[in-house]
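Lettering follows sequence order; numbering is per chain, from 1.
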Protein chains: 2
Amino acid sequence: MENSDKIGKVDIPKKAIYRLSIYHRCLQKLHDNGVSTVSSTTLAKAAGVKPSQLRKDLAYFGQFGTRGLGYPVEILCSTIWETLGREQLQPVILVGAGNLGSALLRYHGFEKEGFEVVAAFDANPDAARSRGVTLPVFPDSDLETFIAEHSVKLAILCVPVEFAQAVVNRLVAAGIQGVLNFSPIVLEVPAKVTVNNVDLALELEHLSYFIR
Amino acid sequence: MENSDKIGKVDIPKKAIYRLSIYHRCLQKLHDNGVSTVSSTTLAKAAGVKPSQLRKDLAYFGQFGTRGLGYPVEILCSTIWETLGREQLQPVILVGAGNLGSALLRYHGFEKEGFEVVAAFDANPDAARSRGVTLPVFPDSDLETFIAEHSVKLAILCVPVEFAQAVVNRLVAAGIQGVLNFSPIVLEVPAKVTVNNVDLALELEHLSYFIR
DNA sequence: AAGTGTGAAAAGTTTCACAGCG
DNA sequence: CGCTGTGAAACTTTTCACACTT
């Protein structure tokens, strides 16, 4: 159903796109180390996958390698960057600057990876600012206007779980196309909108199952 | 001798175990609302999956339903809780109380879900305390002793990416069996150890691919 | 000789369809 | 009758093996 994406006639597994990000990181490191060509075996080892999977994944997007030689690090690196839609800087907003939201803003992890978090929204902006958020914090009533005026397409959602569905409805109506959701709830959105769930407690619970 | 008692975690899809956590949440909500029985159709809708998948998932662990009626909410809820290994409180340590690590500690999201974060470790404990961590913060040299003395099996890893592999090696040697890793790196661990990666930038990058 | 690209096989996961039970 | 439990079918993703190119 929603586990793949059609580009032309080829069906690309969603997991392959996640791996693309990982390959990109490895390629960047190789490039920083002055490596100009890499084999599928070497790159796969760095990315923690099988060489055959790496070759298959890259083949979904084109032919980048030279037989007998390997892949050109710099070209492949920038091609993946473009494929992931990272060529133009995407503005991101964060909605819900409570405990977790403000923690993420102070962390600056998204900025480090080249995303521009442009504003935060909260039902109580003053409280958010008192939590040490230095970014502009607006009341959530400003959401729609801001999204429209700045053509924002990505949102990080950290509101309390009981408000998550209502807020995401507003975000979608305002034009948001991708949501990074930290609430432990299955959000319902139109098919054109992509939701990625980061459920910290669920991840820890999953580990709990695997320790004897 | 033949033994049908194959409760080995081998044949059960990993994804099914994630869904178990989601089912548990939905069941708890139903129980709070005074519902005592639920059909696969209703529970599946709440969890965002197909009824057939829900039934298949539950069947991996036993027979819980009554034909013609549905599933007993309370019994199923506690059975899943036990299955996930949550019956006995698991102590968790957090390693690397820098920007992200201290943010997670201030967030208290794990405690809210019933995990007991018992201590934090950092190369510079004083700096971590100054970041507002109220939990005991120990120098990372104390890791091995603490893990052994408190029989800790779960660790949240938030150290800078360049130290992640070295630190996880120490954790594994000290007896840690499950790692929730926030570093953007593929960690190498023995098969007996489970690693769950939470890569925030990667999730946002993945969204970037799908908006257009 | 080295290493990619790819069809085909294998493995894994989801969905179907209906038997069987309360 | 309604709804679970489940074998088999359908579908997805990974891995293999080797032809083919530089």
Side-chain angles (χ1 to χ4, degrees), chain A residues 1-20 22-23 26-27 30 35-73 75-77 79-80 83 186 206, chain B residues 4 6-20 22-23 26-27 30 35-73 75-77 79-80 83 186 206:
Chain A
M1 270 205 316
E2 272 195 67
N3 273 337
S4 53
D5 181 43
K6 278 195 178 118
I7 283 200
K9 292 180 178 178
V10 195
D11 222 12
I12 299 169
K14 224 174 187 173
K15 280 184 156 187
I17 296 157
Y18 275 103
R19 288 191 295 262
L20 228 48
I22 297 169
Y23 302 153
C26 300
L27 286 163
L30 287 167
V35 180
S36 62
T37 305
V38 68
S39 71
S40 62
T41 310
T42 307
L43 184 52
K45 195 166 286 172
V49 302
K50 293 236 160 81
S52 54
Q53 176 153 74
L54 169 63
R55 294 201 300 274
K56 190 68 122 184
D57 284 345
L58 295 181
Y60 285 127
F61 300 95
Q63 301 199 171
F64 307 109
T66 308
R67 294 174 196 221
L69 231 190
Y71 297 94
V73 171
I75 293 171
L76 185 55
C77 192
T79 305
I80 292 178
T83 303
V186 182
H206 189 244
Chain B
S4 56
K6 266 195 180 178
I7 314 180
K9 298 161 183 179
V10 198
D11 296 319
I12 300 167
K14 271 203 168 82
K15 281 184 157 185
I17 295 158
Y18 275 103
R19 288 190 296 260
L20 227 49
I22 298 170
Y23 302 153
C26 299
L27 285 163
L30 287 166
V35 180
S36 63
T37 305
V38 69
S39 71
S40 63
T41 311
T42 307
L43 184 52
K45 195 167 286 173
V49 302
K50 292 236 161 83
S52 54
Q53 177 153 74
L54 168 63
R55 294 202 300 275
K56 189 66 126 187
D57 284 347
L58 295 181
Y60 286 125
F61 300 95
Q63 300 198 172
F64 307 108
T66 308
R67 293 172 197 227
L69 230 192
Y71 297 93
V73 171
I75 293 172
L76 185 56
C77 192
T79 304
I80 292 178
T83 303
V186 182
H206 190 243

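Each of K56(A) and L69(A) has a nearest nucleotide on DNA chain D; the 5'-most of these lies closest to K56(A). Residues G68(B) and S52(A) both approach DNA chain D. Their nearest nucleotides, taken by heavy-atom distance, put G68(B) toward the 5′ side.
Distance CZ (R67(A)) to C1' (dG5(C)): 5 Å, rounded to an integer number of Å. When the P atom of dT14(C) is taken as reference, atom OH of Y18(B) falls 14 Å away, rounded to whole Å. The interatomic distance linking K14(A) (NZ) with dT14(C) (C1') rounds to 15 Å, in whole Å. Rounded to whole Å, the distance from CZ on F61(B) to C1' on dT6(D) is 16 Å. Regarding Q63(A), its CD atom lies at a distance of 10 Å from the C1' atom of dT6(C), rounded to whole Å. The distance between atom OH of Y60(B) and atom P of dG7(D), rounded to the nearest whole Å, is 12 Å. When rounded to the nearest whole Å, the span between CG of L54(A) and P of dT13(D) equals 18 Å. Between R55(B) atom CZ and dA8(D) atom P there is a gap of 17 Å when expressed in whole angstrom units.
No more than 12 heavy atoms of other residues, nucleotides or ligands shown are found within 6.0 angstrom of CD1 on I75(A).
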Show the numbers, then the answer: is there a side chain to side chain contact (heavy atoms under 4.5 Å, CB included) between T66(B) and T37(B)? CA-CA 10 Å; T66(B) 308; T37(B) 305; over 6 Å; no
Checking side chain to side chain contact (heavy atoms under 4.5 Å, CB included) for the pair V49(A)/Y23(A): CA distance, chi angles, key distance, verdict? CA-CA 10 Å; V49(A) 302; Y23(A) 302 153; 3.7 Å; yes
Using the side chain to side chain contact (heavy atoms under 4.5 Å, CB included) rule, take T79(B) and F61(B) through it: C-alpha gap first, then chi angles, then the decisive distance, then the call. CA-CA 9 Å; T79(B) 304; F61(B) 300 95; over 6 Å; no
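Close to dT13(C), at under 4.0 Å from its OP1 or OP2, lies no side-chain N or O of R19(B). Side-chain nitrogen and oxygen atoms of K15(B) include none within less than 4.0 Å of the OP1 or OP2 phosphate oxygen of dT13(C). Residue S40(B) places none of its side-chain N or O atoms closer than 4.0 Å to OP1 or OP2 of dC3(D).
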